[in-house]
Amino acid sequence: MIDSTKFWAVVPAAGVGKRMQADRPKQYLPLANQTVIEHTLSRLLQADVFTAVVVAISVEDPYWPTLAISKHTNILTAPGGKERADSVLSGLRFIRDQAADDDWVLVHDAARPCLTTEDINLLINTLVDDAVGGILALSSHDTLKNVQGTSIHGTLDRSHIWRALTPQMFRYGMLKSALEAAEGNPAITDEASALELQGYQPKIVEGRPDNIKITRPEDLPLALFYMEQQ
Ligand code: C5P
């Protein structure tokens, strides 16, 4: 029997990126002759596994329509939402007529342009037979402190602490219901947290440390360095 399970990518790209202090949202900042989001989407398309890449864009965004990649046949544009989770849910709803509950969805931040095909394949191959799904993550090398104000109130056991990256890979139906159940909850800062709230225990898959999220101005030269190394 041929397995008809599809893979979709959903890319939340409706944030403003205040911490970059730039004149435009961070996904449109230049990085090695392209914008950040063009690198991110090109890398998802290059992996050659997705039926479509759904990009959630703010309805007031003047930059997106000017990029050639916005017209690519495998790219679909959905409206963005107030918070990241709303943008992801909007992307999922956009494909509700084409996606089956058992299809896999990989949600990836527009602001992570250094993603490799190696990490996409590692995530998929590790989790494809899993009941729930999971996320790329990195263990923490630094000692981590619980701080209130400017005072340390304890040290966390870092052997149990991992940093959540993207892509995060879950079944379409399960992810959509979990995000719908969590709508408006500010604690939902990634897809895994919505699944955790439903009582699931998503898996972690150790990813590459160069899959950084562009957050602050100094992240752009760092991303360029990583791209040159790759
Ligand atoms: O701000 P942060 O780095 O956490 O954003 C992660 C991703 O979520 C970015 O790609 C950003 O564009 C996206 N986002 C979104 N809709 C929002 C807020 C953030 O798609 N309302």
Side-chain angles (χ1 to χ4, degrees), residues 8-31 34-45 50 52-67 69-70 75-95 105-115 119-120 123 135-138 162-170 175-176 178-180 182-195 207 209-223 226-227:
W8 304 86
V10 170
V11 178
V16 277
K18 272 197 216 121
R19 285 167 294 191
M20 283 303 284
Q21 299 163 333
D23 65 343
R24 63 193 68 196
K26 58 187 176 180
Q27 58 270 28
Y28 298 114
L29 292 173
L31 174 62
Q34 287 183 28
T35 58
V36 167
I37 192 170
E38 287 173 289
H39 285 286
T40 307
L41 297 177
S42 301
R43 281 164 180 247
L44 289 167
L45 292 171
F50 299 112
V53 178
V54 188
V55 190
I57 297 284
S58 163
V59 283
E60 287 146 25
D61 181 337
Y63 302 100
W64 175 244
T66 69
L67 301 181
I69 204 161
S70 70
I75 300 246
L76 303 174
T77 306
K82 192 162 163 276
E83 304 296 336
R84 183 185 180 285
D86 303 315
S87 296
V88 174
L89 187 53
S90 166
L92 295 175
R93 287 179 173 151
F94 196 78
I95 51 169
V105 179
L106 274 72
V107 179
H108 182 62
D109 290 330
R112 291 188 191 267
C114 301
L115 176 66
D119 258 4
I120 296 173
L123 185 69
I135 72 172
L136 285 179
L138 277 178
W162 287 70
R163 290 161 48 205
L165 311 178
T166 71
Q168 303 205 351
M169 170 171 157
F170 295 103
L175 178 58
K176 187 160 158 291
L179 287 172
E180 278 169 349
E183 247 182 306
N185 180 343
I188 304 302
T189 50
D190 70 348
E191 291 59 58
S193 48
L195 272 289
D210 55 4
N211 181 12
I212 59 166
K213 183 166 74 168
I214 307 290
T215 307
R216 290 178 301 199
E218 58 268 32
D219 295 328
L220 276 171
L222 185 59
Y226 281 138
M227 281 181 177

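Atoms within each ligand, like the ligands themselves, are counted from 1 in listed order.
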Residues that Y28 engages under ring pair (Phe, Tyr, Trp, His ring centres under 6.0 Å), provided they are two or more places apart: Y63
Considering non-hydrogen atoms only, spot the tightest contact between A110 and V36 and give its length. O-CG1, 3.7 Å
Rounded distance (nearest 0.5 Å) linking atom OG of S42 with atom CG of L115: 11.5 Å
So, using side-chain hydrogen bond (donor to acceptor under 3.5 Å, both in side chains) as the criterion, who are the partners of S87 when residues are at least two apart? none
Spacing of H39 atom NE2 and L31 atom CG [to the nearest 0.5 Å]: 4.0 Å
List, ordered by chain and residue number, the protein residues whose closest non-hydrogen atom lies under 4.0 Å from any atom of ligand 1. P12, A13, A14, G15, R19, K26, Q27, G81, K82, E83, R84, S87, D109, A110, A111, K213
Residues in side-chain hydrogen bond (donor to acceptor under 3.5 Å, both in side chains) with E191, at least two apart? R84
